[in-house]
Amino acid sequence: MKYPFADVEKKWQKKWEDNKTYKTDLTDLKKALYTLVMFIYPSGSKLHIGHWYNYAPTDSWARYKKMRGYNVFEPMGYDAFGLPAENYAIKTGIHPKDSTLKNIDDIREQLKTMGCMYDWDAELMTCVPEYYKWNQWLFIQLYKKGLAYRKNAPVNWCTSCKTVLANEQVQTDGTCERCETMVERKNLTQWFFKITDYADELLDGLKTIDWPAKTKLMQEHWIGKSFGTEVKFGVAGHKDKEIRVFTTRPDTLFGATYVVLAPELDLVQELTTDEHIAEVNDYIESIKSLSEIERTSTVKEKTGVPTGAYAINPVNGEKIPIWIADYALANYGTGSVMAVPAHDERDFEFATKFKLQIRKVILEKGTDSDAELTEAFTAPGTMVNSAQFDGMDSVECKSKITDWLAENNNGEKRINYRLRDWLISRQRYWGTPIPIVYCDSCGEVPIPENQLPLELPYDVDFKHDGASPLAGNSEFVNTTCPKCGGEAKRDVDTMDTFMDSSWYYLRYLNPKFTDGMFDTKLGDDWTPVDMYVGGAEHATMHLLYARFIHKFLRDIGMVNSDEPFQRLLHQGTITNNGAKMSKSKDNVVNPGIFIDEYGSDVFRMYMMFMGPYELGGDWSDKGIVGVDRFVQRAYALFESNKDLSKSTVAPSEFKMDDLSQTEKHIYQLVNKTLAKYEVEVENYRFNTAVAALMELNNGLKELAVCSNEFRLFILERFATMLAPLAPHMGEECWSILGNEKGLFDNPVWFEVDQSALVQDSVTIIVQVNGKVRAKLELPVDSDEAAVKETAWNDNKVKSHTEGKSVVKEIYVKNKIYNIVVR
RNA sequence: GCCGGAGUGGCGGAAUUGGUAGACGCGCUGGAUUCAAAAUCCAGUUUAGGCAACUAAGUGCCGGUUCGAAUCCGGCCUUCGGUACCA
């Protein structure tokens with residue numbers, strides 16, 4: 001009989017639900033295990049292949065752990081705020097709240113057909129006041145600690161739509177995706193979280209977590225800690241002004257021949273001479289629509305204009321011109337850069353183009369100090385043209401010059417970070433309202449905690465001209481000051497949705513908790529999350545923000561751990577004809593037809609079999625029949641051994657000497673498979689785990705001639721290995737054997753019989769000059785003399801060494817014997 | 001541009017530490033079964049030459065280290081993710 005997947009899946013899903021199999025008892029902390037997958041963004045109403053690829057293998061891992069006796073907590077929820085729902089509303093008129101809640105209902109139903117172990121009592125969504133209230137509370141805690149503050153920052157502004165655009169809404173040519181108008185950068189006052197205060201700890205903490213090395217490396221580079229010197233340049237004719245620059249090359253300071261300021265700095269307007277002001281303002285206008293990537297590209301032709309003002313180099317009192325150039329960014333570092341054309345590639349190019357002075361201050365070994373440079377010399381060398389430092393080693397002079405600057409109050413040692421503070425203001429509707437009011441007499445005032453949540457009003461014009469849609473709702477905007485009771489206006493921005501995802505793993509533990517942001521007892525018991533799985537695209541942003549918030553929560557006594565996610569893994573992306581699946585491209589592959597034809601177990605097992613989990617790949621259904629055939633064969637095997645456990649009992653292990661030759665082979669195979677399976681599944685290498693089960697299945701062709709208890713022994717192990725990967729089928733096979741209790745209600749796992757893994761002979765490869773010439777089957781741990789003799793007796797070895805002299809012979813025990821001849 | 005990955009048969013991929021390249025599966029070819037087909041089962045399947053034994057080449061490209069490299073090093077090419085307002 002063909003495996004009746006539809007009936008089997010329905011049957012077990014009902015049993016699991018009736019038995020509350022996946023309700024986790026969070027008070028049972030013995031072998032507690034929190035496994036988490038990044039929650040779902042409910043944009044469309046359909047789960048696509050990518051979702052299955054993310055969730056099904058993760059669930060298989062959780063099930064494996066459950067079968068090994070862990071008390072597994074595996075929740076699922078919805079990252080429900082965000083831009084797409086708002087765009088959809090603008091296009092269709094359907095309110096984000098309505099479309100989002102509808103999508104969530106549809107998605108929940110589809111998630112249930114996957115047959116995952118989600119504890120549905122722990123389900124949460126971020127767009128309800130019960131959740132986002134605590135975003136507001138958290139904001140206020142950060143505010144109280146001085147970690148939330150306002151400053152100016154640029155946004156993408158469409159002058160035609162009169163709205164702020166997300167980077168995604170700006171096309172590659174710099175125009176608005178709706179109206180094709182050129183997008184400008186415009187400054188707005190916005191809220192920031194001081195993540196930079198935690199930069200060092202975020203860096204150090206990486207050493208303590210079990211994350212992919214590449215992710216840690218990306219975070220390390222994102223934080224970008226660099227050691228250097230801050231130098232104070234005076235400004236000629238402006239005694240009250242100074243320009244601070246950060247440099248990692250203080251040894252080149254005598255070679256600084258000009259200074260570059262970010263065009264947007266206020267200082268630029270203050271310093272520029274009348275003669276240059278028109279040119280400067282034209283330049284600022286001309287770069288308004290450039291993105292940061294374009295501005296800082298090292299291949300783009302450098303642009304810039306002089307301000308007419310001069311800076312004073314503190315080391316030699318020299319007057320050097322002040323320029324502005326787009327590659328200096330106002331929101332990075334001090335916004336000012338000292339330029340040393342002789343020893344920096346970008347400065348060399350700039351100085352050459354604009355005929356600025358190039359002065360060599362570090363001499364390359366073996367070159368003439370008068371020789372003209374044809375390119376920047378960036379390596380260390382000997383100091384020249386540097387007054388009292390001449391003749392010294394440039395590396396040593398880094399600290400010498402810094403010390404000398406410090407003694408004269410012209411600078412100091414400094415650590416700089418690439419990391420910037422987290423901008424959380426969004427000029428959008430569908431998000432958490434920022435709990436601040438602005439009062440003419442009291443200034444910015446946080447809403448008292450007992451007045452939270454500040455609810456997001458339903459009625460709003462999404463196309464409201466200007467900054468934020470909420471600004472158009474006067475009932476929302478106009479309020480009274482919590483401090484003085486006078487008239488006040490609310491902040492009309494909402495929060496970045498990364499705020500929602502920065503602490504949801506704590507809320508899952510009790511989403512209905514009303515006495516605080518989350519139940520801190522449960523938080524301490526269950527976090528850090530043991531295993532976190534999600535896309536690599538989150539490597540630097542979400543995963544850094546969540547770490548920051550976790551550390552902040554620790555500092556205010558809410559959690560007792562330093563990191564939110566102990567172990568992390570990224571699933572790969574499934575593409576369609578090489579393109580990322582997305583609703584907008586209309587290229588999503590719907591799993592529905594595969595579920596209908598093969599069932600969810602075959603489908604999820606195929607996804608796991610496709611390749612390495614962390615690699616992903618292009619979607620193809622070509623191989624799914626192979627997995628289906630495997631399932632059919634395995635099912636038939638169990639069917640032909642129905643109710644075996646009702647008439648016989650399998651021992652916990654067999655003695656190899658008591659087994660027939662056939663049984664011995666199968667016994668070794670099943671133990672080898674089990675040992676491999678454990679390692680592969682533990683490390684999310686499901687493709688090789690499935691392959692191992694296929695090999696096992698192929699090796700059971702002669703099982704029928706074995707004894708009853710032996711067959712039961714083998715099939716029990718086979719069923720338990722199937723269960724994590726194909727949960728419905730695993731349960732079914734287990735029950736076919738005659739077991740009354742379900743595998744996930746009563747977890748079972750079998751030990752490997754280590755004695756069955758011992759091999760008595762081994763294949764030794766004989767190479768001549770690195771080429772395989774013979775394969776010898778020899779006892780394990782044979783000594784060199786024995787191998788040598790057998791090897792040299794081989795005809796092929798003889799023919800390939802004949803008439804040549806032996807240079808040397810290499811023996812690697814149990815592996816290889818290599819003869820080198822000339 | 002910058003930061004971080006990936007590249008192996010016709011296809012998806014395997015090779016746990018530098019030691020048999022191609023496990024497992026798809027596809028294809030041949031056979032069994034069938035009136036025939038589907039399904040199933042059995043055998044073969046990196047490429048080139050050869051009936052075969054066998055020989056040579058081969059893990060994106062070029063070079064290097066080593067007795068030995070898919071694996072380590074240097075330089076490229078292609079491609080994917082991120083680049084701070086998609087999430």
Side-chain angles (χ1 to χ4, degrees), chain A residues 2 38-41 43 79 81-84 87 153 155-156 164-170 190 212-215 217-222 224 291-300 331 418-428 496-498 500-501 534-542 544-545 570 572-573 575 578 580 582 584 606 609-612 614-618 620-627 629-630 632-633 676 679-680 683 685 687-688 690-695 698 763-772 775 796 807-810 812 815-821:
Chain A
K2 239 191 140 214
M38 288 180 187
F39 58 177
I40 186 165
Y41 181 75
S43 68
D79 188 10
F81 272 140
L83 184 65
N87 285 338
V155 292
N156 300 310
V164 176
L165 299 179
N167 289 340
E168 194 191 43
Q169 299 174 295
V170 181
Q190 311 190 67
K214 62 162 186 171
T215 310
L217 197 59
M218 274 190 267
Q219 289 211 348
E220 192 183 318
H221 289 153
W222 185 264
S291 71
E292 277 185 20
I293 292 173
E294 290 167 326
R295 285 176 61 161
T296 53
S297 165
T298 53
V299 289
K300 187 194 70 127
N331 53 357
R418 206 186 78 95
L419 180 69
R420 306 181 203 164
D421 279 339
W422 176 11
L423 193 169
I424 61 124
S425 298
R426 295 291 180 271
Q427 293 71 41
R428 314 205 188 285
D496 180 5
T497 54
F498 279 130
D500 308 328
S501 52
E537 66 271 23
H538 294 294
T540 45
M541 304 186 73
H542 158 60
L544 197 64
Y545 295 141
H570 303 299
T573 324
T575 54
K580 205 174 164 182
S582 76
S584 55
Y606 174 57
F609 185 58
M610 280 190 343
E614 289 173 87
L615 222 61
D618 206 41
S620 159
D621 58 11
K622 265 185 164 176
I624 194 166
V625 291
V627 175
R629 280 175 200 155
F630 161 71
Q632 299 303 338
R633 273 186 285 228
K676 183 178 174 66
V679 178
E680 302 301 82
N683 293 296
R685 291 193 293 260
N687 54 332
T688 46
V690 174
L693 291 187
M694 286 174 169
E695 284 186 74
N698 294 342
T763 309
I764 291 177
I765 302 306
V766 183
Q767 297 183 336
V768 177
N769 285 352
K771 287 194 173 146
V772 180
K775 297 174 186 183
K796 273 178 78 181
V807 178
K808 67 169 159 179
E809 291 169 67
I810 296 130
V812 180
K815 274 190 181 150
I816 207 148
Y817 194 83
N818 192 7
I819 301 163
V820 186
V821 293

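Sequence lines set the chain letters: A, B, ... in the order given, protein chains first and strands last, and positions in each chain run from 1.
Of the candidates B/rC54, B/rC86, B/rA21, B/rC86 carries the atom nearest the A/Glu168 side chain, counting heavy atoms from C-beta on. Across B/rU20, B/rG25, B/rA87, the shortest atom-to-atom separation from the side chain of A/Thr763 is found for B/rU20. Here the side chain of A/Tyr41 is nearest to one of B/rG82, B/rA87, B/rU83, namely B/rA87. With B/rU20, B/rA87, B/rC86 as the choices, the nucleotide that has an atom nearest any side-chain atom of A/Asp79 turns out to be B/rA87.
Under the 3.5 Å distance criterion, the side-chain polar atoms of A/Asp79 are left unmatched by any main-chain donor or acceptor of A/Tyr41. A/Gln190 contributes a side-chain N or O that, together with a main-chain N or O of A/Ala153, makes up a donor-acceptor pair within less than 3.5 Å. Here the side chain of A/Asn156 pairs no donor or acceptor atom with the backbone of A/Val170 at under 3.5 angstrom. Between the side chain of A/Asn818 and the backbone N or O of A/Gly770, at least one donor-acceptor pair lies under 3.5 Å. Counting only distance, with no hydrogens or angles, the side chain of A/Ser291 and the backbone of A/Glu294 share a donor-acceptor pair below 3.5 Å. A/Thr296 contributes a side-chain N or O that, together with a main-chain N or O of A/Glu292, makes up a donor-acceptor pair within less than 3.5 Å. Judged purely by atom type and a 3.5 angstrom limit, A/Arg685 has no side-chain atom pairing as donor or acceptor with the backbone of A/Pro612. Proximity of a side-chain donor or acceptor of A/His570 to a complementary backbone N or O of A/Gly534 within less than 3.5 Å is detected.
If you check every strand for non-hydrogen atoms under 4.0 Å, A/His570 touches nothing. Among the atoms of the strands shown, none is found under 4.0 Å from any heavy atom of A/Ile624. Within the nucleic acid shown, A/Trp422 has no heavy atom closer than 4.0 Å to any nucleic acid atom. Among the protein residues, A/Lys300 comes within range of no part of the nucleic acid, since none of its heavy atoms lies under 4.0 Å from any strand. Residue-level contact check: A/Gln427 touches the bases, meaning some heavy atom is under 4.0 Å from a base atom. Contact annotation for A/Thr573: no contact, since no heavy-atom pair falls under 4.0 Å across all strands. At a threshold of 4.0 angstrom between heavy atoms, the contacts of A/Gln190 include nucleobase atoms, whether or not backbone atoms are also involved.
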B/S/- contact track for nucleotides 4-19 of chain B, protein heavy atom under 4.0 Å:
SSS-----BSS----B
Can you give one letter per nucleotide of nucleotides 69-78 of chain B, going 5' to 3': B for a protein heavy atom under 4.0 Å from the base, S for sugar-phosphate only, - for none?
----------
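Look at CD on A/Gln632: it is 10 Å from P on B/rC41, rounded to the nearest Å. For the pair A/Leu693 CG and B/rG25 C1', the interatomic distance rounds to 13 Å; values are reported in whole Å.
The side-chain contact (heavy atoms from CB on, under 4.5 Å) test with A/Asn769 singles out one residue from A/Val820, A/Ile819, A/Val807, and that residue is A/Val820.
Counting only Watson-Crick or G-U wobble pairs whose defining distances are both under 3.5 Å, the stems of 3 or more consecutive pairs in RNA chain B are B:1-7 with B:77-83, B:10-12 with B:24-26, B:27-32 with B:40-45, B:46-49 with B:54-57, B:60-64 with B:72-76.
Phosphate contact (OP1/OP2 of B/rU40, side-chain N/O of A/Arg633, threshold under 4.0 Å): absent. Contact between the side-chain N/O atoms of A/Lys771 and the OP1/OP2 oxygens of B/rU20 is not found at any separation under 4.0 Å. Between A/Arg629 and B/rU40, a side-chain N or O to OP1/OP2 separation shorter than 4.0 Å is present.
With no hydrogens or angles considered, a side-chain donor-acceptor pair links A/Glu809 and A/Tyr817 at under 3.5 Å. Side chain to side chain, A/Gln219 and A/Thr540 fail the donor-acceptor criterion of an N or O pair below 3.5 Å.
Base orientation of B/rG9: syn (glycosidic angle within 90° of 0).
Ring pair A/His542/A/Phe498 is parallel by interplanar angle, where below 30° counts as parallel and above 60° as perpendicular.
A residue-by-residue look at A/Glu292 and A/Ala536 shows that A/Ala536 has its nearest nucleotide of RNA chain B further toward the 5' end.
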